Amino acid sequence: MPAKPSRDAERLRAMISAMPDLLIRQTRDGTCIDAEGGSDNILDIPPDQIVGRNIRVIGLPTDLVDRTIADIAQAIDSGNTQTSEHQIALPRGLRDLEIRIVPCGAGEALSIVRDITDRRQSEEAPRGRDHLYRQAIAASDAMPYQRDFRTGRFTFIGEEIERLTGYRPEEFADALEPWHTMVQETVFRGELAGLTREEARRRMHAGEVGVWRADHRILTRGGEERWLADTSVQIRDGSGEVVGSLGILQDITHRVRAEEALRGSEQFLKGVFDAIQDGISVLDTDLNILRVNAWMEKMYSDKAPLEGKKCYAVYQGRESPCPWCPTLDTIETGEAHSTIVPYPSAENPRGWIDLSVFPVNGSGGRVTSVIECVKDITAQRRAEEALRQSEATLQSIFRVAPAGIGLVCNRVLKHINDRICEMVGRSPEELLEHSARVLYPSEEEFEWVGREKYRQISEWGTGTVETQWLRENGEIIDVLLSSTPLDATDLSKGVTFTALDITERRRAAEELAQHRERLEELVRERTAELEATNRELESFSYSVSHDLRAPLRSIDGFSQVLLEDHAEELSADARDSLSRVRAASQRMGMLIDDLLKLSRVTRFEMHRQEVDISALASAIAAELRQSEPDRQGEFVIAGGITAHGDPVLLRLALENLLGNAWKFTAKCPRAHIELGELDTAEEERHFFVRDNGAGFDMAYVDKLFGAFQRLHRSEDFPGTGIGLATVQRIIHRHGGRVWAESAVDEGATFHFTL
């Protein structure tokens, strides 16, 4: 039999059972060997239900169990007591527990569990009150501070100062600079209002002011502008001397900005009130003027000031209210009223105004004041009258217009004038409110006109078609129909149209077309005859020129034989006559050669290609210099000039132009001949040949390009007068123009285009 416990042991167990702490003897893995105490049922589990069970299965929080088992192992291994605190949720509420684990040897440990909830609450109470006070101050955006007047520094300032200013609290305690750097402006309030900063500080330090009230405009460390309200009271020492202040700083930035915005809003509304270009008066219920806008002040400047006077005395010059005044109705009924009344003035003897009155209600819906709006509608009335006259005029034009005018809405005739009725021989009753189909000879024509008209309107905004209408007697007439929508964005509002009877015009056009065809046929016939005649003339010119060459050579040759073989037998007059015969025959030969060249230009078959004009001109210039090597002169040929044309004909043209320039500069000490191209905005190429030679009188420029036309004597400058005619034909064959500019003895410039 086991030994009975001694009386002392029983007493000890009873004492332990009565303890408020719970004692649990446990193995390393957390198994409970014994449990005593815990008279307050700390874990809400009786001790006898813990014995023999592992603490992992008795329903405790996992984090508490894990920490406890870890502390048991640490206590057993190290031999040191392990202490931890936990807050757990029990059926009786949240409880704070302290668990102390003491090593017992033999791989066991004693866990002492104590409920410290009451102690923790008593410790936290002061801190909680302090936290509550801090929350209240933070909720009001207030920062408490204490300042020592003897050093000027802050002995305490709330932590919120850093969030608002960017300066840490300790910076204000260490130096004066943060405060003086931060404050840009101070506005005093209350007892200090209107004082300077120095006077306000003197009174505060002297204890002459009960409460210091001021608003500070500050710049934060980040450069942001904010406003702080400063409210403080003095702190006195034992002798009653003021040694500092205790106060609160509060962020009022939003309030200041709201006040500024309100002032700006009031200024804005006043600006709007004065900018309205109609008259506005605010009246009380006794018809006294309370306020007017700038328009009214200007209109009645001779009666200023207007405020405080009766409206009917100022505006109408009456001693009593106007009998028709809508303001009286508004005051009586509380509803808006308006009326239009005559209002003659010096500028408008027949003037009119629109007077509208609106109530301003106070508490209980009672009218406390009214707003009168006066609008000068004289111009509007005149415009309405002009519109009525314009409508009457348009109606007259609509009725008597020579063209048909109408309005179609959803393909139904809504308005038509008399001309449309005349065109189709029907009465207005037969057309109005009927489908426009009644105007057309067939359904196909009606549908085609509708499609084509609306297609054009959608693309260009208007539609014009030529169609046919059917008269009541069955006659078909040709009509030119033009349509324009009333509203381009909504064709359902209708389309206006004009209709012209073009039957006679079309018949005349057909007759004209027939005459034109006959005329063109006649022109073709005459052109063919002219071309045949030209070919015959060209052939004749070529044949004559060719056949005359042989007789002329014979005349020249035999005349030369007589002069050379029989000179001694002939008299001087005979020899002179033979010399004249030879010169005339040679001149005739030159004319024939030039005629042949001119004939070839007309008959020559052109082969267009890219031609180097600069190279052609340079080659011709070299040939001209070689023909007269002793002459002093220069050719200036622009490089890189090309043109599209026939190279043979263009060379012939340049030979004549440059040859003429060389010939007519023969009497110059130093000839200067230039070929170049001018820049133009047109598509054609513009070239020129310029010289400093004899020139010519522009009065005879019309003869310049005619065959055999000469502006100089042959004794001065030889030639046949064919060269420039040849140039003109060549340029014309290239689709260009040629003209000249000159003055006598000042040279000449020949222009041509290709």
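Please read all numbers here as calculations on a predicted model, not as lab measurements.
Side chain of Thr467 to main chain of Val479: no donor-acceptor pair is present (N/O by atom type, distance under 3.5 Å, no hydrogens or angles). In terms of modelled atom types and a separation under 3.5 Å, the side chain of Asp691 and the main chain of Ile673 share no donor-acceptor contact. With hydrogens and angles disregarded, no donor-acceptor distance shorter than 3.5 Å links the side chain of Arg471 to the backbone of Ile476. Here the side chain of Asp278 pairs no donor or acceptor atom with the backbone of Trp295 at under 3.5 angstrom. Remark: side-chain polar atoms of Ser742 are paired, donor with acceptor, to backbone N or O of Gly747 under 3.5 angstrom. A donor-acceptor distance shorter than 3.5 angstrom exists from the side chain of Ser442 to the backbone of Glu445, with no hydrogens or angles considered. Formation of a donor-acceptor pair under 3.5 Å by the Ser483 side chain with backbone atoms of Val495 is not found in this model. Asn410 places no side-chain N or O within 3.5 Å of a backbone atom of Val412 that could act as its donor or acceptor partner. Checked by atom type and distance alone, the side chain of Thr503 never pairs as donor or acceptor with a backbone atom of Ile477 at under 3.5 Å. Side chain of Asn417 to backbone of Gly404: no donor-acceptor contact under 3.5 angstrom is found.
With respect to Glu655 and Arg651, a salt bridge is recorded, a charged nitrogen being found less than 4.0 Å from a carboxylate O. Here Arg516 does not pair with Glu520 in a salt bridge; the nearest charged N to carboxylate O distance is not below 4.0 Å. Classification of Lys493 and Asp487 as a salt-bridged pair holds, one side-chain N sitting under 4.0 Å from a carboxylate O. Between Glu385 and Arg382 there is no salt bridge, since none of the side-chain N atoms of the basic residue sits less than 4.0 Å from a carboxylate O of the acidic one.
Ala740 approaches Val701 most closely through the heavy-atom pair O-CG2, 4.2 Å. The two residues His734 and His644 make their nearest non-hydrogen contact at CD2-O, 4.3 Å. Taking every heavy atom of both residues into account, Met423 and Asp501 meet most closely at CE-N, 3.8 Å.
The neighbour count for His415 NE2, taken as heavy atoms of other residues, nucleotides or ligands under 6.0 Å away, does not exceed 12.
No side-chain donor from either of Gln456 and Thr464 sits under 3.5 Å from a side-chain acceptor of the other. Donor-acceptor pairing under 3.5 Å is lacking for the side chains of Asp573 and Ser571.
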*Take Glu472 and Arg426 through the salt bridge (Lys or Arg N to Asp or Glu O under 4.0 Å) test and state the conclusion after the steps.*
CA-CA 6 Å; Glu472 192 273 338; Arg426 295 177 181 271; 5.9 Å; no

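Here the CZ atom belonging to Arg437 is positioned 10.5 Å from the CZ atom belonging to Arg411, to the nearest 0.5 angstrom. Distance check: Leu413 CG to Ser435 OG gives 7.5 Å after rounding to the nearest 0.5 Å. Rounding to the nearest 0.5 Å gives a distance of 10.5 Å between CD1 of Ile457 and CD of Glu452. Here the straight-line distance linking atom CD of Glu746 with atom CZ of Phe696 works out to 12.0 Å at 0.5 Å rounding. Remark: Ile405 CD1 to Phe497 CZ distance equals 9.5 Å, nearest 0.5 Å. To the nearest 0.5 Å, the span separating CD on Glu504 from CG on Asp478 amounts to 9.5 Å.
Between Phe446 and Tyr440, the ring planes are tilted. Angles from 30° to 60° get that label. Classified by interplanar angle (parallel below 30°, tilted 30° to 60°, perpendicular above 60°), the ring pair Trp739/His751 is parallel.
Trp662 carries Arg631 over the face of its six-membered ring, with the cationic atom under 6.0 Å from the centre and within 45° of the normal.
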